[in-house]
Each structure stands twice: as structure tokens, then as C-alpha cells.
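Below is one structure, written out as C-alpha cells; the observations come after it.
None of these values were measured; they are calculated from a predicted model.
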Amino acid sequence: QVQLVESGGGLVQAGGSLRLSCAASGRTFSSYSVGWFRQAPQNEREFVAVSRKTDGSAYYADSVKDRFTISRDSTKNTVWLQMNSLKPEDTAVYYCAAGSSSWYENLVRPWNYDYWGQGTQVTVSS
């Protein structure tokens, strides 16, 4: 019902910035909470940020709070993740996901999302 495509990943130096995008086809993002997750080699998929469908409020993992910002584009069916002050430990494959839940307890858990993008690699050098 929804297809997601991430883009914007790449290689940056520590302290730099990247902006990831998640473009959707199918139903509008307004019908879904949209989250960002990341997964580093040999690590579990980790919650990063979410824009909740009910009010668009944002919730962030402590590890990225005050550095990352999730937003919904006002004219496009796109969700962005602005990443500033990047650290080497931010290196991972980043995935966007869409789900019907609006409860934070669900939204921090990847198995509560219905649709996933293919991922985009973010590498932060020292």
C-alpha cells in the first residue's frame, strides 16, 4: 500500500551534516506515523526519531536528541531527517518506516511498523 525510498546518505566528517529524505508513493504520510531507524553491523535495529501521525509531534532517541530533526514536507509526500553534529557512532544504514500506531511505546519498536524503505548508508569519519 505504501512504498518508501530513502536517499541522502553518504560519507561525512565528524561534526558535519546530512539530510535524509524518505519519499512515499501510495497513501499520504498524513495517514501514518513515520519513523527513522538505523542499524550498524552486528547491532540491532535502533530507533532514531518519529513523527507521530496524530499531531505530527516528534520524539527522538536520547543519542540523537538536539542533533537530529525529523520533519514533514508541506508540499511533498516526503519526510526528512536533518542530521547535524554527526559523530562516528552515527554510522549505520538508516531506514524510514511508516506505521499506523500513534503510541510512543509502539513507535520505538521496529516490528510495529508496516512499511520500510531500502535503507541508505550514512558513514561518519573521525
Side-chain angles (χ1 to χ4, degrees):
Q1 296 180 31
V2 177
Q3 298 182 69
L4 307 176
V5 179
E6 303 99 331
S7 63
L11 174 64
V12 297
Q13 295 182 353
S17 298
L18 282 174
R19 186 176 65 174
L20 307 183
S21 66
C22 176
S25 62
R27 300 188 67 179
T28 176
F29 270 147
S30 65
S31 300
Y32 299 95
S33 295
V34 180
W36 286 93
F37 292 78
R38 65 188 184 187
Q39 188 166 17
Q42 298 184 328
N43 286 355
E44 296 179 352
R45 191 161 296 189
E46 177 189 26
F47 170 77
V48 176
V50 63
S51 175
R52 196 169 63 163
K53 72 174 183 179
T54 53
D55 57 6
S57 60
Y59 180 71
Y60 301 93
D62 288 341
S63 59
V64 306
K65 193 172 299 182
D66 299 324
R67 298 189 298 120
F68 291 10
T69 303
I70 188 170
S71 61
R72 295 174 183 252
D73 193 284
S74 61
T75 60
K76 302 177 181 178
N77 202 21
T78 303
V79 170
W80 302 89
L81 183 68
Q82 179 66 47
M83 307 186 296
N84 298 325
S85 301
L86 284 163
K87 305 174 181 179
E89 50 263 46
D90 295 318
T91 296
V93 177
Y94 283 70
Y95 300 88
C96 67
S100 59
S101 179
S102 60
W103 187 30
Y104 287 138
E105 187 71 17
N106 287 338
L107 295 173
V108 299
R109 299 169 176 171
W111 50 87
N112 287 320
Y113 288 79
D114 301 309
Y115 307 101
W116 291 86
Q118 83 288 352
T120 185
Q121 177 70 46
V122 172
T123 303
V124 184
S125 62
S126 300

query = Gln39 and Glu44: side-chain contact (heavy atoms from CB on, under 4.5 Å), yes or no, with the steps?
reply = CA-CA 6 Å; Gln39 188 166 17; Glu44 296 179 352; 5.7 Å; no
Verdict with supporting geometry, Trp80 and Asp73, side-chain contact (heavy atoms from CB on, under 4.5 Å) = CA-CA 7 Å; Trp80 302 89; Asp73 193 284; 3.4 Å; yes
query = Would Asp114 and Ser100 count as a side-chain contact (heavy atoms from CB on, under 4.5 Å) if you check the C-alpha gap in whole Å, the side-chain angles of each, and the deciding distance to 0.1 Å?
reply = CA-CA 8 Å; Asp114 301 309; Ser100 59; 3.8 Å; yes
inquiry  = As a quick check of understanding, evaluate side-chain contact (heavy atoms from CB on, under 4.5 Å) for Val64 and Arg38, giving each step before the final call.
reply    = CA-CA 11 Å; Val64 306; Arg38 65 188 184 187; 3.9 Å; yes
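Minimum heavy-atom separation, Ser51 to Arg72: OG-NE, 2.7 Å. Closest heavy-atom contact between Ile70 and Tyr60: N-OH, 3.0 Å.
With hydrogens and angles ignored, the 3.5 Å screen pairs no side-chain donor or acceptor of Gln3 with any backbone N or O of Ala24. A donor-acceptor pair under 3.5 Å is formed between the side chain of Thr91 and the backbone N or O of Val124.
Note on Asp90 versus Lys87: no salt bridge recorded, every NZ/NE/NH1/NH2 to OD/OE distance being 4.0 Å or above.
A 4.5 Å side-chain heavy-atom check between Leu86 and Leu18 finds at least one atom pair inside the cut-off.
The structure places CD of Gln82 at 11.5 Å from OG of Ser21, a figure rounded to the nearest 0.5 Å. Rounding to the nearest 0.5 Å places OG of Ser7 at 8.0 Å from CG of Leu20. Taken from CG in Leu81 to CD in Glu6, the straight-line distance is 11.0 Å, to the nearest 0.5 Å. The CG atom of Leu4 lies 9.0 Å from the CG atom of Asn77; values are rounded to the nearest 0.5 Å. Rounded to the nearest 0.5 angstrom, Ser33 OG and Arg52 CZ are separated by 7.5 Å. Separation of atoms OG1 (Thr120) and OH (Tyr94) is listed at 10.5 Å; rounding is to 0.5 Å.
Under a cut-off of 6.0 angstrom, the local environment of CD in Gln13 is sparse, with at most 12 non-hydrogen atoms contributed by other residues, nucleotides or ligands. Atom CD of Gln121 has more than 12 neighbouring heavy atoms from other residues, nucleotides or ligands inside a 6.0 Å radius. Within a 6.0 Å radius of CG in Asp66, other residues, nucleotides and ligands contribute 12 heavy atoms or fewer.
In the model, Ser101 has a side-chain atom that pairs as donor or acceptor with a side-chain atom of Asn106 under 3.5 Å. In this model, a donor atom of one side chain and an acceptor atom of the other lie less than 3.5 Å apart for Ser17 and Asn84. For Arg67 and Ser85, the side-chain atoms include no donor-acceptor pair closer than 3.5 Å.
In the hydrophobic clustering, where aliphatic and aromatic side chains (Ile, Leu, Val, Met, Phe, Trp, Tyr) are joined below 4.5 Å either directly or transitively, Leu107 groups with Phe37, Phe47, Val50, Tyr59, Val93, Tyr95, Tyr104, Val108, Tyr113, Trp116.
One hydrophobic cluster holds both Trp36 and Phe68 under the rule that ILVMFWY side chains link at heavy-atom gaps under 4.5 Å. Cluster membership check: Val122 shares its hydrophobic cluster with Val34, using side-chain heavy-atom separations under 4.5 Å among Ile, Leu, Val, Met, Phe, Trp and Tyr.
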